[in-house]
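What you see below is based on every heavy atom in this structure, not just the backbone, and it leaves out hydrogens, waters and symmetry mates. Along the sequence shown, residues carry numbers from 1.
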Amino acid sequence: TYYGNESKVVCPNGATLIDPKSTLKANYGVYLFNQDLANFRGNVRITDDKSYTITSDELDYYRSVQKSYARGNVKVVSDSSTIYSDNLVYEKLIGISTATGNVKIDSDSTVITSRKATYFDFEKKSIAEENVRINFLNKNANVYGNYAENYEKRNYSLVKGNARLIQIELNDGKEDTTFISSGLMESFRDKPEHYIAKDSVRVIRNDFLSSSEAGYYFINDTGKGGVISLAEDPVVWKEELQVTGDSIYAYFKVDIDDIYINKSAFAIQSNSAAEGRYDQISGVFMHIGFLMNEINYIQVDTNAASIYFV
């Protein structure tokens, strides 16, 4: 029905809008000529054969600027990603989608969930805020935080605000979990795959615990094992052993195999034969080797000193 005085068309029993730029369909539609605005409701679907499809419960579409405001059960499918949310603003000319409420972004190598997110289609970049989770597909790894940036083309992510990494490895049917928390975390998914953590860094892997202000986690090309590198006031605990130094490197396959301490190396461990006594060893450089998850030997180079209770 056309209302000439109001310059609008109302289609209560199914509406279709076709122009050279997009096709819009829904159960109900209103078009306002003066505003160049289409308001469609019920099973809304807007498509562009070359780039995207949006489905939702309701949608406002401004034809002249090709801008869409979608509400309710929103889904956007493009050649590079699929976005789900409660609400979404899509600006086709600049390739930007802003989603709010139960947001999920599926792309080639990641799945991102959050309360709010902005996706830049031309750059293949996502910015997510509030309750962020990034699932790195085929990596058995998830990163959580309050704010995240993800760059698909570069295989790079940055997470800030209570950042946490949880990575699970399967070794002979057993799960080994690496947990890292920090103020800021960066993920580099190209080989060598690694993570950089800064500000109040904590690392837990089985019975290995550490605290530092900077940490680096390198994963072997096989996806199993790697190196944990710590700097800026690092401290490592492994059962009854405590280690400090300027920088510490822990190598592992399943359990920790070797710990290297570079400069100002110091290790202390409770003596099981002398209650309340602690064996201590120090030097400039130290290497602690493990066998079957127990200390096998300790080698100290330069200015070595030791206190051992017998």
Side-chain angles (χ1 to χ4, degrees), residues 163-167 169 171 176-188 191-310:
R164 296 157 342 262
L165 164 70
I166 300 176
Q167 187 196 38
E169 300 173 17
N171 295 298
D176 291 301
T177 302
T178 300
F179 175 84
I180 301 175
S181 66
S182 61
L184 180 148
M185 188 176 299
E186 297 175 274
S187 164
F188 301 81
K191 293 182 179 180
E193 180 187 352
H194 62 286
Y195 299 84
I196 297 176
K198 298 178 181 179
D199 185 15
S200 302
V201 180
R202 305 290 182 268
V203 179
I204 300 173
R205 180 181 170 85
N206 300 335
D207 60 355
F208 175 94
L209 296 85
S210 73
S211 171
S212 63
E213 288 303 309
Y216 307 83
Y217 175 35
F218 293 85
I219 301 172
N220 288 341
D221 290 346
T222 61
K224 296 183 179 180
V227 182
I228 297 170
S229 172
L230 307 168
E232 298 180 31
D233 300 320
V235 183
V236 165
W237 297 270
K238 192 177 188 316
E239 296 185 343
E240 300 298 321
L241 174 69
Q242 177 179 308
V243 176
T244 60
D246 284 5
S247 58
I248 299 175
Y249 306 86
Y251 292 76
F252 63 93
K253 294 184 181 68
V254 178
D255 294 314
I256 299 297
D257 297 312
D258 296 277
I259 295 178
Y260 294 88
I261 305 97
N262 183 40
K263 295 184 179 180
S264 303
F266 178 78
I268 183 171
Q269 184 176 31
S270 62
N271 188 308
S272 58
E275 185 177 352
R277 303 293 181 90
Y278 295 88
D279 299 328
Q280 304 169 48
I281 189 167
S282 64
V284 177
F285 305 100
M286 187 181 300
H287 172 208
I288 305 175
F290 294 84
L291 182 64
M292 303 295 292
N293 206 32
E294 298 290 339
I295 294 177
N296 185 37
Y297 65 87
I298 299 178
Q299 178 181 335
V300 179
D301 293 329
T302 311
N303 298 333
S306 175
I307 299 175
Y308 181 73
F309 295 92
V310 294

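The shortest side-chain heavy-atom distance between Ile261 and Ile288 falls under the 4.5 Å cut-off. At least one side-chain heavy atom of Asn293 sits less than 4.5 Å from a side-chain heavy atom of Lys238. The closest side-chain heavy-atom distance from Tyr195 to Ile219 is below 4.5 Å. Taking the side chain as every heavy atom from C-beta outward, Asp199 and Glu213 approach each other to under 4.5 Å. Using a 4.5 Å heavy-atom cutoff, the side chains of Tyr249 and Ile259 are not in contact. When side chains are defined from C-beta on, Arg202 does not count as touching Ser210, because their heavy atoms never get closer than 4.5 Å. Under the 4.5 Å side-chain criterion, counting only non-hydrogen atoms from C-beta, Ser181 is in contact with Phe179.
Ile298 CD1 to Ile281 CD1: the interatomic distance, rounded to the nearest 0.5 Å, is 5.5 Å. Considering CD of Gln242 and CD of Glu240, their distance stands at 11.0 Å, rounded to 0.5 Å. In this structure, CG in Leu230 is found 10.0 Å from OH in Tyr216, a value given to the nearest 0.5 Å. Expressed to the nearest 0.5 Å, how far OG of Ser229 lies from OH of Tyr251 amounts to 8.0 Å. Interatomic distance, Ser211 OG to Ile204 CD1, rounded to the nearest 0.5 Å: 11.0 Å. Within the model, atoms CZ of Phe290 and CG of Asp257 stand 9.5 Å from one another, a figure rounded to the nearest 0.5 Å.
For Asp255, there are no salt bridge (charged side-chain N to carboxylate O under 4.0 Å, His left out) partners, not counting sequence neighbours. Under the side-chain hydrogen bond (donor to acceptor under 3.5 Å, both in side chains) criterion, Glu239 pairs with no residue, sequence neighbours left out. For Gln269, there are no side-chain hydrogen bond (donor to acceptor under 3.5 Å, both in side chains) partners at least two apart in sequence or on another chain.
Shown are Asp246, Thr302, Val300, Asp301; of these, the side-chain contact (heavy atoms from CB on, under 4.5 Å) with Val284 is made only by Thr302.
Across all non-hydrogen atoms, the minimal contact from Ser182 to Ala197 is OG-CB, 3.5 Å. In terms of heavy atoms, Ile256 sits closest to Ala250 at CD1-CB, 4.2 Å.
Enclosure of atom CG in Asp258 by more than 12 non-hydrogen atoms of other residues, nucleotides or ligands within 6.0 angstrom is indicated.
A side-chain N or O of Tyr217 and one of Gln167 form a donor-acceptor pair less than 3.5 Å apart. Side chains of Thr178 and Arg205: a donor-acceptor N/O pair is present below 3.5 angstrom, by distance only.
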Checklist entry - Could you go step by step and tell me if Phe252 and Asn206 meet the side-chain contact (heavy atoms from CB on, under 4.5 Å) rule? => result CA-CA 11 Å; Phe252 63 93; Asn206 300 335; over 6 Å; no
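Classified by interplanar angle (parallel below 30°, tilted 30° to 60°, perpendicular above 60°), the ring pair His287/Tyr260 is parallel.
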